[in-house]
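Chain letters run A, B, ... following the sequence lines, proteins first, then strands; residues in each count from 1.
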There are 4 protein chains.
Amino acid sequence: MGRKRSYTEAELLDVTKKLLLEHGYDGFHLKLLSEHLVGARSTIYQYFANKEEIVAACMKRVMRSIMSKSAEVDETDSLAALQQILYVYVEESDFHQLLGDAHKINVANSEAAARDMSYIEQGHEELKVQLGRIFAKANGEGNLRQDVPLPAQISVFFNLINTPNVLRMPLDEWSKLLFSMWMKGVAK
Amino acid sequence: MGRKRSYTEAELLDVTKKLLLEHGYDGFHLKLLSEHLVGARSTIYQYFANKEEIVAACMKRVMRSIMSKSAEVDETDSLAALQQILYVYVEESDFHQLLGDAHKINVANSEAAARDMSYIEQGHEELKVQLGRIFAKANGEGNLRQDVPLPAQISVFFNLINTPNVLRMPLDEWSKLLFSMWMKGVAK
Amino acid sequence: MGRKRSYTEAELLDVTKKLLLEHGYDGFHLKLLSEHLVGARSTIYQYFANKEEIVAACMKRVMRSIMSKSAEVDETDSLAALQQILYVYVEESDFHQLLGDAHKINVANSEAAARDMSYIEQGHEELKVQLGRIFAKANGEGNLRQDVPLPAQISVFFNLINTPNVLRMPLDEWSKLLFSMWMKGVAK
Amino acid sequence: MGRKRSYTEAELLDVTKKLLLEHGYDGFHLKLLSEHLVGARSTIYQYFANKEEIVAACMKRVMRSIMSKSAEVDETDSLAALQQILYVYVEESDFHQLLGDAHKINVANSEAAARDMSYIEQGHEELKVQLGRIFAKANGEGNLRQDVPLPAQISVFFNLINTPNVLRMPLDEWSKLLFSMWMKGVAK
DNA sequence: CATGAATGAGCATTCATTCAT
DNA sequence: AATGAATGAATGCTCATTCAT
């Protein structure tokens with residue numbers, strides 16, 4: 001039996017996520033990664049076959065986390081559901097920034113990366129379906145404005161996630177505030 | 001005398017902008033740029049001394065455009081002014097994405113790039129001042145909710161810009177719709 | 001662990017010295033260097049961070065060698081000391097040719113190169129001080145002509161070093177011969 | 001008839017000489033040259049077909065100048081002749097530094113450069129012959145030490161030329177001083 | 001003739017990946 | 001398993017030279 005691994009795959013992916021957020025996909029290098037881990041650069045290849053696989057695995061992990069959380073949302077009360085979903089998304093707001101570069105991954109080299117990316121694609125679909133379902137329900141219950149097309153409302157809702165939390169409020173309060181602004185507007 | 005230039009500086013910067021938006025700062029290469037222009041890679045150096053200067057010039061140009069438009073906004077009616085500003089920003093919504101990487105530019109190599117970046121910095125300040133002024137006025141006139149901190153309202157307003165225009169509406173209508181949702185909310 | 005290095009740093013610097021003497025600073029390329037070593041050009045970067053550091057390290061090494069030798073010179077008998085010094089310098093006559101280009105090194109890029117160059121500068125000073133001291137002593141003891149300014153005598157002495165050893169004599173004999181010509185002249 | 005030439009070939013070669021001395025062969029660029037002349041870089045090609053030809057022409061000119069001067073030396077009195085020759089060489093002491101890089105010129109590209117270089121080669125031979133003749137005469141007349149091989153004496157004589165004129169004396173005095181040291185030595 | 005623009009070859013450097021220990 | 005060394009592909013940039021005006 002060989003030596004003990006000096007870090008876990010999860011740690012590697014955590015650092016990867018941090019660096020991807022800090023530097024973007026093109027600014028993310030294995031050299032950079034190895035500098036934020038304990039061992040040599042080449043050791044990384046014990047965990048993943050190439051750069052693409054690392055990034056893909058990282059993105060997949062984030063997607064899985066989002067999906068498990070959003071699956072737990074109770075959709076009975078549509079507005080309450082939207083608020084919960086907003087909270088989930090705000091909590092993982094890195095998510096979008098991160099996945100925004102998904103298309104840059106060159107999937108040709110790596111089977112594993114390709115699998116991960118297709119998982120992510122499916123996840124995206126499921127999330128969209130869920131959101132569409134809840135919005136449709138809310139709309140059907142007469143909770144939403146009729147003079148604004150539903151897709152526009154969804155788009156604005158979704159984009160709320162990225163609003164910088166300038167006041168550094170706790171995320172549950174912050175998401176409630178966002179939800180309130182989204183629902184009632186800012187006019188007095 | 002001398003040959004005719006095969007493309008103008010403006011064309012170069014247009015392509016640069018497009019590529020920066022597509023690939024981000026780190027994904028932007030002179031090879032890529034030259035492939036989207038007519039000539040050889042080295043020809044680019046007839047226009048700019050190095051990569052940093054190109055990016056800086058591109059960003060400066062975008063900033064200048066935004067600033068001249070936002071300077072024309074009539075601030076008499078604060079709410080109308082906000083709506084106009086939203087339109088200006090939505091029209092140039094690339095702007096933020098683009099300038100988000102401004103800090104990555106290594107300014108040490110190039111005098112010209114340094115000058116451009118400082119122009120951009122000042123521009124940022126002026127825009128913030130203008131927005132703060134109008135919001136303060138709107139708030140003073142009692143147009144805004146008091147139960148949400150002003151910075152949070154500004155943050156949401158600003159973030160609206162990035163909302164994807166899923167319905168591909170004309171930008172004037174789209175910005176009015178966004179403004180309406182921001183003011184009145186989406187609740188029925 | 002890891003592979004065995006295919007050449008030592010000392011070997012690299014030896015080759016560098018040879019090439020610098022052959023081609024001068026501006027004619028010295030890493031491509032050239034790599035062609036005189038076993039591996040690929042990029043392997044050189046395992047040893048030094050950039051071209052400047054290589055050249056600086058090479059020069060520093062030569063300076064260190066000269067200084068340790070000249071520090072061992074016994075200055076009791078001033079004329080004997082000069083003869084010994086001449087021998088030291090003749091032995092390392094490349095030295096001056098090599099360091100003549102020291103000012104061309106762009107030190108801005110590299111901390112390490114800057115350190116090396118400042119070491120070299122100090123070394124130069126120390127050597128000048130030593131030579132001045134011995135000449136002053138020799139002059140004070142009445143060993144030197146009074147009708148020729150001392151700096152001119154020093155300059156000629158120093159310049160002797162570069163005299164091509166056309167007869168390929170052993171360096172100790174050659175330096176004695178030079179010293180004899182310098183002291184007694186060539187006239188019968 | 002076209003425009004008037006903005007500088008003469010001689011001016012171009014003067015500047016070339018200055019820059020070659022300052023930067024060495026490898027540090028000499030046409031860009032640098034054009035910056036020290038009035039027109040555009042490409043204008044240089046109206047005068048010479050390529051870089052090699054410029055350098056070769058420059059060296060040839062220097063050689064021609066030396067040769068015409070040294071041809072005027074009266075060889076009747078061998079020691080006086082040597083003193084005169086030393087003066088000629090000291091006056092054009094750049095000469096050696098300059099021609100030291102002659103071997104770097106790639107003669108394959110240019111017929112004209114090849115011709116110039118062969119002229120220089122011949123010149124070198126003639127100068128050596130002249131010096132050898134005078135030294136032989138001086139030796140035959142019993143003017144020189146017998147305990148030092150003649151080639152060594154010649155070598156030292158020749159190398160005197162490069163002695164830095166630290167005191168900035170007028171060149172005729174300086175060359176006399178050098179000659180005196182060479183003949184009589186520095187010992188009291 | 002003069003020149004500004006265009007170009008390709010060449011070098012410095014970085015980085016993902018492979019190898020040998 | 002871990003790792004330091006080796007490597008080739010890619011990119012930024014410079015420069016001699018050619019072209020078109």
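Proximity note for C:Arg41 (side chain, C-beta onward) versus E:dC11, F:dT14, F:dA5: the nearest is E:dC11. Of the candidate nucleotides F:dT3, F:dA16, F:dG8, F:dG8 has the atom lying nearest to any side-chain atom of C:Ala40. Considering only side-chain atoms of C:Tyr47, the nucleotide from E:dC11, E:dT17, F:dA6 that sits closest is F:dA6. For A:His29, taking side-chain heavy atoms from C-beta onward, the closest of the listed nucleotides E:dC15, E:dT17, E:dT13 is E:dC15. When the nucleotides F:dG4, F:dT14, E:dA16 are ranked by their closest atom to the side chain of A:Leu30, E:dA16 comes out on top. Ranking F:dA5, E:dA5, E:dA16 by closeness to the B:Arg3 side chain, first place goes to E:dA5. With E:dA6, F:dT11, F:dT7 as the candidates, the nucleotide lying closest to the side chain of B:Ser6 is E:dA6. The listed nucleotides are F:dT11, F:dT14, E:dA16; the one nearest the side chain of A:Lys31 is E:dA16. In this structure, of E:dA5, F:dT17, F:dA2, it is F:dT17 that holds the atom nearest to the side chain of D:Tyr45.
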*Checking side-chain contact (heavy atoms from CB on, under 4.5 Å) for the pair C:Leu99/C:His124: CA distance, chi angles, key distance, verdict?*
CA-CA 10 Å; C:Leu99 296 198; C:His124 255 139; 4.1 Å; yes
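Whole-Å rounding puts the C:Ile44 CD1 to E:dT13 P distance at 10 Å. Atom pair C:Leu12:CG and F:dA5:P shows a separation of 13 Å (rounding to whole Å applied). The nearest whole Å value for the distance from the CD atom in D:Glu53 to the C1' atom in F:dA16 is 13 Å. For the pair C:Lys4 NZ and E:dT18 P, the interatomic distance rounds to 24 Å; values are reported in whole Å. Across the protein-nucleic acid pair, C:Ile105 atom CD1 and E:dA12 atom P stand 14 Å apart, rounded to whole Å. Residue B:Leu33 contributes atom CG, which lies 9 Å from atom P of F:dG12 at whole-angstrom precision. The separation between D:Asp26 atom CG and F:dC15 atom P is 13 Å, rounded to whole Å. Rounded to whole Å, the distance from CD on A:Glu52 to P on E:dC15 is 16 Å.
Annotation: of the two residues near DNA chain F, D:Ser42 and A:Tyr7, the 5′-most nearest-nucleotide partner is A:Tyr7. The 5' end of DNA chain E is approached more closely, in terms of each residue's nearest nucleotide, by C:Asn109 than by the other of C:Gly2 and C:Asn109. Checking C:Thr43 against B:Ala49, the closest nucleotide of DNA chain F that is more toward the 5' end is the one next to C:Thr43.
A side-chain N or O of A:Ser110 and one of A:Glu53 form a donor-acceptor pair less than 3.5 Å apart.
Here the straight-line distance linking atom CD1 of A:Ile54 with atom CG of A:Leu13 works out to 8.0 Å at 0.5 Å rounding. In this structure, D:Glu11 CD and D:Leu37 CG are separated by 8.0 Å, a value rounded to the nearest 0.5 Å.
Residues forming a ring pair (Phe, Tyr, Trp, His ring centres under 6.0 Å) with B:Tyr119 (at least two apart in sequence, or on another chain): none.
Judged by distance alone with a 3.5 Å cut-off, a donor-acceptor contact links the side chain of B:Gln46 to the base of E:dA6.
Between C:Leu12 and C:Val15 there is no side-chain heavy-atom pair separated by less than 4.5 Å.
Under the side-chain contact (heavy atoms from CB on, under 4.5 Å) test applied with A:Cys58, the options A:Asp116, A:Asp14, A:Leu19, A:Thr16 reduce to a single match, A:Thr16.
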*Dot-bracket notation for DNA chain E is requested: 5' to 3', Watson-Crick or G-U wobble pairs only, both distances under 3.5 Å, with ( ), [ ], | and . as defined.*
.||||||||||||||||||||
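The list of side chain to side chain donor-acceptor pair (under 3.5 Å) pairs with a residue in residues 18-27 of chain D, not counting sequence neighbours, reads D:Asp26-D:Lys104.
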